[in-house]
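Have a look at the structure below, then the notes.
Labels below follow one simple rule: chain letters A, B, ... track the order of the sequence lines, proteins then strands, and each chain is numbered from 1.
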Amino acid sequence: MITLLESRAVNKRFGGLKALTDVSLTIRKGEVYGLIGPNGAGKTTFFNVLTGAYAIDGGEFVMNGSELPSAKPHLVVQHGIARTFQNIRLFRELTALENVMAGHHIRSSAGVWGILTQSRAAREEERLMQERALEILDYVGIGRHADTVARNLSYGDQRRLEIARALATEPQLLALDEPAAGMNATETAGLRTLVETIRKDGITVLLIEHDVKLIMGLCDRVAVLDFGKKIAEGTPAEVQRDPDVIRAYLGGHRAH
Amino acid sequence: MTTTSSTLPLPASFALDRRIQRPLVILLALAAPLVALAMGKSWVRVLDFALLYVLLAIGLNLVVGFAGLLDLGYIAFYAVGAYTWAFLASPHFGIHLPFWIVLPLGAAFAALAGIALGFPTLRLRGDYLAIVTLGFGEIIRIFMNNLNQPINITNGPQGIDSIDPLTIAGLDLSRDLDLFGFQISSLLLYYYAFLACVVFAIILVRRLQISRIGRAWAAIRDDELAAKAIGIDTRMMKLLAFALGATFGGVSGGLFAAFQGFVSPESFSLMESIVVLTMIVLGGMGNLAGVVVGAIMLTALPELLRHFAVPMQMALFGKTLLDPEVLRMLLLSLAMIVMMLVRPAGLLPARTRYAHRDRRNA
Amino acid sequence: METFLQQTLNGLVSGSIYALVALGYTMVYGILGLINFAHGDLLMVGALVALQTVTLLNAAVPGLHPVILLLAGVAVAVPVCMAVGYLIERIGYRRLRNAPRLAPLITAIGVSFLLQTLAMIIWGREFHVFPQLVSTTPMEPMAGVVVSPLQIFTIVVAFALMGGLMLLVNKSRLGRAMRATAENHRVAGLMGINANGVIAATFIIGSGLAALAGVLFASNYAIAHYAMGFTPGLKAFTAAVLGGIGNLPGAMVGGLVLGLVESFGAGYIEHLTFGFLNSSYQDIFAFVILGAVLIFRPSGLLGERVADRA
Ligand SMILES: Nc1ncnc2c1ncn2[C@@H]1O[C@H](COP(=O)(O)OP(=O)(O)O)[C@@H](O)[C@H]1O
Ligand SMILES: [Mg+2]
């Protein structure tokens with residue numbers, strides 16, 4: 001088993017609130033790793049710190065053996081990490097196709113001069129990008145909506161488009177923040193198939209999810225956060241039996 | 001909730017005739033000054049200015065419409081271009097360089113000014129940018145007004161005159177051309193020269209718009225955080241938009257100086273920045289056709305007001321209650337407010353920029 | 001030393017006016033995250049309405065005591081500005097609260113120009129002399145510093161207003177509701193706070209302060225004009241950023257600091273630039289400061305309220 005991403009004693013504070021305390025995890029290449037926990041446990045914060053949306057207050061992330069930069073989201077993507085957001089953040093006024101092509105930004109290189117002169121290389125790159133984007137749209141199952149403006153897509157399709165856009169950055173690790181939230185049963189089943197396909201195609205998945213059935217069915221291993229601390233880690237079956245986890249979920253001590 | 005109106009489908013007949021549309025627009029652009037000439041030379045002058053404003057608006061649209069950066073000091077870049085021309089091609093310093101040196105220099109200076117201004121501010125939240133650019137516009141104006149002492153650089157509020165006209169390959173555009181006995185007005189010569197610039201600008205900007213850079217700008221405009229999350233170096237991209245937009249401002253400024261033969265700080269007031277902004281707000285942010293229409297409408301507005309609003313008020317009230325200048329300001333400010341509230345996408349909203357089906361079949 | 005004290009005094013006078021206007025920017029920003037470009041123009045509206053009132057009253061009842069005239073001017077200008085401020089929020093901004101962020105900014109610029117144009121239509125383009133209702137005759141020099149009653153009056157009124165506002169925000173129910181709304185509109189709504197009402201109240205209070213600042217400003221410069229709000233507005237915004245936008249004490253500190261820097265800067269700029277720049281460049285200090293703050297300490301002197309979440 002090769003380690004892909006390791007978080008080492010990661011800390012994050014918001015003023016007096018300790019949102020993450022010494023969180024250490026190891027994610028292996030090729031697995032689907034679940035991150036669960038009650039509302040407000042710090043899961044999204046973990047994503048935000050990992051992807052550089054927030055600065056890290058202590059500890060580090062190591063991806064493929066090299067430390068990730070803190071608070072530099074566009075550089076983190078180059079290390080092969082792509083994410084989606086808990087509350088969908090698409091480029092609303094762009095079409096689905098354009099959203100995915102935007103995702104290709106760092107995998108393309110045409111400069112101002114090449115574009116202004118429409119150099120052969122720039123034109124060729126643009127054509128390839130478009131082809132590839134259409135492929136990805138088909139891959140996540142919304143190819144027929146290529147020309148639809150993102151904000152006009154149905155909720156489930158918006159979630160899929162966000163995944164497509166993330167895939168376009170050609171990540172090794174795909175981090176999904178509650179992708180099934182707000183989906184109906186059919187949509188959730190579709191999503192599950194999609195994540196399985198993605199894993200089969202060699203991309204490691206880090207998954208935040210509330211839907212216990214989905215987690216149990218999909219994940220190879222799961223970590224549980226509570227009050228910003230990791231309280232358990234293991235296979236879904238192990239975690240489910242863990243008394244701390246049961247307490248955290250049944251305690252109902254959260255106002256959120 | 002406010003953007004839904006942008007998807008109102010255009011009437012079918014409108015969208016249908018794309019093949020007829022283009023030649024029609026070209027014909028209109030070529031014939032317009034001739035029609036105007038029949039109405040009087042001053043109308044050709046208005047058209048010439050309209051084209052300069054179109055050029056300005058195209059540049060500002062790149063910043064505001066494409067990248068979503070509100071630049072309220074845009075006219076400062078116009079000023080940089082105009083003063084560059086005035087310094088390097090007029091008796092003021094006794095330097096008379098040709099346009100192919102002065103114009104690129106003006107553009108380059110404007111771009112540098114854009115970078116110098118953008119570099120410290122673009123990492124900040126967008127609304128700060130609006131204020132900083134506003135301040136920058138004022139600073140430039142204060143300098144133009146006061147740098148006539150202790151050393152006379154700008155000649156202060158009097159401005160600089162007798163500026164060299166645009167001379168292309170020995171053809172002085174400020175003189176009427178005698179072609180086989182036909183007198184071609186200098187205003188017409190300038191019109192076609194400016195038209196060429198506008199067409200060139202539209203081609204360039206259009207290419208940028210449907211490229212990875214244009215998409216990166218749109219991404220930043222729609223959701224900066226998400227743009228970062230897919231690896232876009234938002235700061236570099238914003239700086240690029242800012243510098244390119246400024247370049248357009250610089251070029252139009254140079255052309256303005258040559259055409260007018262005279263520059264003074266008065267031409268570069270905040271009001272001018274606001275006028276250009278209203279042009280793109282009115283036409284439709286991000287949509288080139290809209291921007292062109294908006295620019296032409298608003299340049300023609302003062303003339304129309306002079307010709308129609310004044311006589312109308314005289315007829316109705318027996319006196320002019322609102323002079324054209326006040327009326328213009330009133331309409332501009334109302335246009336900005338009403339457009340944002342009622343039709344934020346503009347009169348001609350940006351439609352899908354990138355219809356890949358067209359290309360596939362082509 | 002004497003010039004030093006004199007510059008300090010001058011700086012405090014203009015600084016306390018900036019502070020009053022800056023409070024309006026910062027309150028609206030704190031609660032809506034919006035730069036209300038039209039705020040500076042409310043200062044203009046306040047000054048011109050007060051002037052109009054004073055002129056009319058003086059014509060109707062000649063020989064009234066200047067203090068009564070002044071109070072009458074304020075008594076009309078403040079409610080008028082409050083009403084204008086309320087209307088701006090209600091008509092211009094409320095519908096745009098969830099719109100793309102450029103929309104309210106552009107509307108705000110439109111409103112600013114609309115106010116100026118309307119003022120131009122009502123009061124013309126000329127500069128109006130604003131009467132000296134509080135004496136500007138210097139009193140006995142103290143420690144060599146020339147002080148006029150108007151200057152003292154300005155500082156005292158401004159500080160009293162700032163103190164009052166702090167009390168209101170920190171101690172009253174409305175103040176608590178304002179702070180809760182600034183934190184989070186939705187949550188405030190869940191707590192039973194009428195967010196719309198609170199936002200309207202914020203605009204109304206800020207506009208009232210701007211009206212008073214306008215009267216003080218016009219009194220000190222003895223002039224009123226349709227475009228007079230632009231420069232102090234921009235400077236007050238700078239003051240708000242300098243102190244940390246969204247932060248009330250910050251706006252006051254920022255205003256005072258800016259006033260002082262300007263006053264000293266204008267006094268010494270010729271020395272500093274070896275005679276190259278003179279005091280006609282006074283107005284660029286604010287921008288230079290704004291630039292420097294944004295580059296080196298964007299959260300301002302006292303830190304801003306930020307609530308950007310990923
Ligand atoms: N930008 C922020 N500023 C202040 N507090 C935050 C911020 N983001 C998250 N928090 C707080 O951190 C804690 C963890 O939140 P989050 O990571 O969103 O939880 P979840 O596990 O539900 O995704 C919560 O108490 C939340 O209020
Ligand atoms: Mg979450």
Do F113(C) and I274(B) have side-chain heavy atoms sitting under 4.5 Å apart? yes
State which residue, out of M329(B), E325(B), R328(B), fulfils the side chain to side chain contact (heavy atoms under 4.5 Å, CB included) condition with T117(C). M329(B)
Please state whether the side chain, the backbone, both or neither of L234(C) comes within less than 4.5 Å of a heavy atom of chain B. side chain
Would you call I109(C) and L70(B) a side-chain contact if the rule is heavy atoms closer than 4.5 Å? yes
Quick one: CG on L114(C) to CD1 on I337(B), what's the gap to the nearest 0.5 Å? 4.5 Å
Angle class for the Y128(B)/F237(C) ring planes (parallel below 30°, perpendicular above 60°, tilted otherwise)? perpendicular
Chain C heavy atoms under 4.5 Å from V64(B): which part of the residue, side chain, backbone, both or neither? both
Are the side chains of M285(B) and L102(C) in contact, using a 4.5 Å heavy-atom criterion? yes
Going from CD1 on I35(C) to CD1 on I131(B), what distance comes out if it is rounded to the nearest 0.5 angstrom? 4.5 Å
Side chain, backbone, both or neither of L322(B) within contact of chain C (heavy atoms, under 4.5 Å): side chain
First locate atom CZ of F37(C), then atom CG of L72(B), and finally report the distance between them rounded to the nearest 0.5 Å. 5.0 Å
Exercise answer: donor-acceptor pairs, residues 81-90 of chain C side-chain atoms, under 3.5 Å, sequence neighbours excluded:
| residue | atom | partner | partner atom | Å |
| --- | --- | --- | --- | --- |
| E89(C) | OE1 | R94(C) | NH2 | 3.1 |
| E89(C) | OE2 | R97(C) | NH2 | 2.6 |

